[in-house]
Every structure is written in C-alpha cells, then in structure tokens.
Amino acid sequence: MNKFANYFDYAAATPMLSEAKKAMEPFLIDKFYNPSALYLASKNNRQALQDARQVIASDLGVKPLEVIFTAGGTEANNLAIQGVLKNYPKGHVVTCDIEHKSVLKPVELFDHSIVAVDNRGFINLKELKKSINNNTVLITIGYANNEIGTIQPIKEISKIVKEIKEARRAKGIKTPIYLHSDACQAVNYLDLKITRLGVDLLTVNAGKIYGPKQCGALYVKTGCNLKPLILGGNQEHSMRSGTENLANVAGFAKAWQIVRQDFKLETRRVANLRDRLIKLINQQIPQATINGPFNDKRLANNISVTIPGFDNEILVMKLDEAGFQTATGSACSASGGEPSYVLKAIGLSNPKANSTLRITLGKYSTSKSIKLLAEALKKATNK
Ligand SMILES: Cc1ncc(COP(=O)(O)O)c(C=O)c1O
C-alpha cells in the first residue's frame, strides 16, 4: 500500500510530488540568484520564472503577462478583491455565504452583498442578479467549495456579468464590473480555460495541487484595473513586489503540468472512488447523510457526511488512531470554535454541523483505502 493511501484530507493539503520537489531544488542552493539582477545567472533565473508563468498561462489560455505569482490562495484572493476595490473605494462587491474566509473577510471591508446559497450550496442566479447595483464593481464566487464540493455555475454567472458590462457600455456608464473566482479547489479536477469560464480574475494555488505551500497565482485579465497590495520593487508587473520565490514557483509549474496533463482521467477515477465510498458509508451507517450536490455537480474528491449523534472532532480523532486522516466540516470547529458556517448556510443545525466529517480524496486514494476507511468509520460509530 502506498504511503498516503490512508490520507483523506486533500482539500486541506496535498503531499508534494517528488517531481515538484526536484524542480525546486536547483533554485534553493545552486541557482539562488535574484531574477532581477544583471548577470547571466540571474538572466537564466528570469527565464525560468517566465517559463513557469508560461506553463500556467498557456493552460488557462491567457497571456503570461496576465499571471501574477503570489504567496498562496489567500493572498491572490485578497489581491483580487482589495485590488479592485482600492481603485473604486465606493464600489460594491457581491459574494455568497459559503466562500472561503480569504474571500469573505476582504469583502467585509467594503460595501457588499452576500447572496445566500440553496441547500446544496448553489448560488441562486436570480438573487445574484438582484444583488447587483450601479456601484457593483466586483462579483466573487468560488468555483468549487472546499467543504461541500459544490461546483458553482461560473459560466452562467459570467453571462450575467457580460450582460451588465454591455448594458453599462450602451448607457455610457464607466463603472466597470469584474468577475473573480477562487479556483483553489478546482485545479485538480475542472476546466480552467478562461475563455470558456468568462472570468476576469482567477485564484489558483500550488499547495492544493501537490506543489509547495505559500505559493499561488492570480490571473488578471488585461484591462482589469487593480491596485497592488504589496508595494516595493515592482516585481510581478508591479502587482506584487518582493523578490520572487523562484523555487516555489518552479515547483508550482511542475506540479501544474503533471496534474493538468491527465486531469480528466484522474477526475473520473477519483469521482468513481468518491461515489463508491459514499455508497459504502450509506450501506454501513444508515443514519449518515451526505451534504452538497451529487455526481458531476460535486467536486470529484469531496464527501461531506453527517452522522447524527456523533461529535465530529471525536470521530476525526478515532479515525486518526485507526490510521486515517480526515477533517471536521470546517477548520473553525477543528480548533474548538463555532460550527461550520458553510454547513449552517446550507441549512444544517448546529448539532448536525458538529456531527459532520469532510473526507477528501486524491492521487493516492485507492479502492482498498476507501474500503478500509468505510470499515474504520463503521467501527468508530459503533456506540
Ligand atoms: C477555496 C480556498 N480558497 C483559498 C484558500 C487559501 O489558500 P492558501 O492556504 O494557499 O492561502 C483555500 C485553502 O484552504 C481554499 O480551499
């Protein structure tokens, strides 16, 4: 059995690919040079940075200039939201109530509307439309939810945004409106072609795709007016100053190449394991209920399961003792705090939210490992 077969918390972190680590190594010692210096060794590093940018840009179908490397998904989300709103301080921003905190917290700094999701976590497009006003400059909706796996209809949302852009243009209104999506959980499994998605800004993250942590990127469409949050030496097209972390970026690009080259196949494999594991859980624990949508409307690797009467922290600990790493419904409840706001937003009571486990699969999950996990869960729920 592989080393990570019993790991089921891929939404939190992914083990780094050895190829990604290998791609990083030269830049830690031998090729430590600052990509901005003038000598040849630095020029080569500058080229390596551009090569990495090209990998991500060409897969997204965008220009390399439109990819800004950041220190992770949180920073990219902040750059998208605060970057747009800093240019339009009286502007209005729209999001929904199950977004990651790195979206919700910056949104709260500005005039905002939060659209409620339905009981499977989907945004209601009519409500979304209603929430947009003449000052709305940004709509930020995550591509796939990290707790319940809901895949939002980003293409439909982008049609709405396009209509508003056209209506404003026709009326001579200069206020822009941009669409941002946090795709941190989506890169392993979903279509990312920007022309198809129709977004102006997209957050991606290396730490969720078997690359290094504290590394990510923001796609910024040409013409999308952002103010940088980190000022200094004007690296990253002046959008993110600071000497580039070339080792991380090289590891990110290598991981990206590897996961994206066969992501459709891997999506089918993992979704199949997910559905079999859901079936096993339903058979062995009849009182268990699954939260979020099913089939291809759900992220391939996500299971959110409520087992009434059982405390999720205790279940996580029991499973850990049995050798399986899983998560509670939210990071907050994992640290002894409030029940998950995502689960509450889809209508779960506090006790149900506190009886919910998040099981997320990945590259090293197997038919055998899901069977063993289902058995361990059955044991853990035998009172
Ligand atoms: C949907 C989503 N957005 C943003 C983040 C934050 O990414 P990072 O930890 O790289 O800052 C995460 C990580 O948990 C996430 O799942």
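When a ligand or atom number is given, it counts from 1 through the structure's own listing order. Both backbone and side-chain heavy atoms feed into the values below; hydrogens, waters and symmetry mates do not.
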Would one find an N or O of Gln185, backbone or side chain, under 3.5 Å from an N or O of ligand 1?
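Between Gln185 and ligand 1 (N or O atoms, distance only) the closest approach is under 3.5 Å.
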Output yes when the distance from some N or O of ligand 1 to some N or O of Ala71 is under 3.5 Å, and no in every other case.
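There is no such contact.
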Side-chain H-bond candidate by donor/acceptor type, Asn291 with Thr306, under 3.5 Å
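Per modelled atom types, Asn291 and Thr306 side chains form a pair under 3.5 Å.
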Hey, are Glu99 and Thr140 close enough side-chain-wise for a donor-acceptor pair under 3.5 Å?
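No, no side-chain donor-acceptor contact under 3.5 Å.
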Hey, does the Lys NZ or Arg CZ of Arg260 hover above the aromatic six-ring of Phe263, less than 6.0 Å from the centre and inside 45° of the axis?
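Arg260 over Phe263 ring: yes.
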Does the cation-pi check pass for Lys86 over Phe110, that is, NZ or CZ under 6.0 Å from the six-membered ring centre and within 45° of its axis?
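Lys86 over Phe110 ring: no.
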Considering non-hydrogen atoms of the protein only, which is the closest contact for atom 3 (N) of ligand 1, and what is the distance?
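Closest protein heavy atom to atom 3 (N) of ligand 1: Asp182 OD2, 2.6 Å.
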Return the closest protein heavy atom for atom 15 (C) of ligand 1 as residue, atom name and distance.
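So the nearest neighbour among protein heavy atoms is His100 CD2, 3.4 Å.
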Quick one: which ligand 1 atoms are inside 4.0 Å of a heavy atom on [X]?
X	result
Ser102	4 (C)
Thr74	6 (C), 7 (O), 8 (P), 11 (O)
Gly72	10 (O)

Using non-hydrogen atoms of the residue, decide whether Gly207 is closer than 4.0 angstrom to ligand 1.
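No, Gly207 has no heavy atoms under 4.0 Å from ligand 1.
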The criterion is side chain to side chain contact (heavy atoms under 4.5 Å, CB included); which residues satisfy it with Val259, sequence neighbours excluded?
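Asn188, Ile209, Tyr210, Lys363.
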Indicate yes or no: does [X] engage [Y] in a salt bridge with an N to O separation below 4.0 Å.
X	Y	result
Arg268	Asp296	no
Lys318	Glu321	no
Lys21	Glu25	yes

Side chain, backbone, both or neither: which applies to [X] and ligand 1 if a contact is any heavy-atom pair less than 4.0 Å apart?
X	value
Lys208	side chain
Asn205	side chain
Asn77	side chain

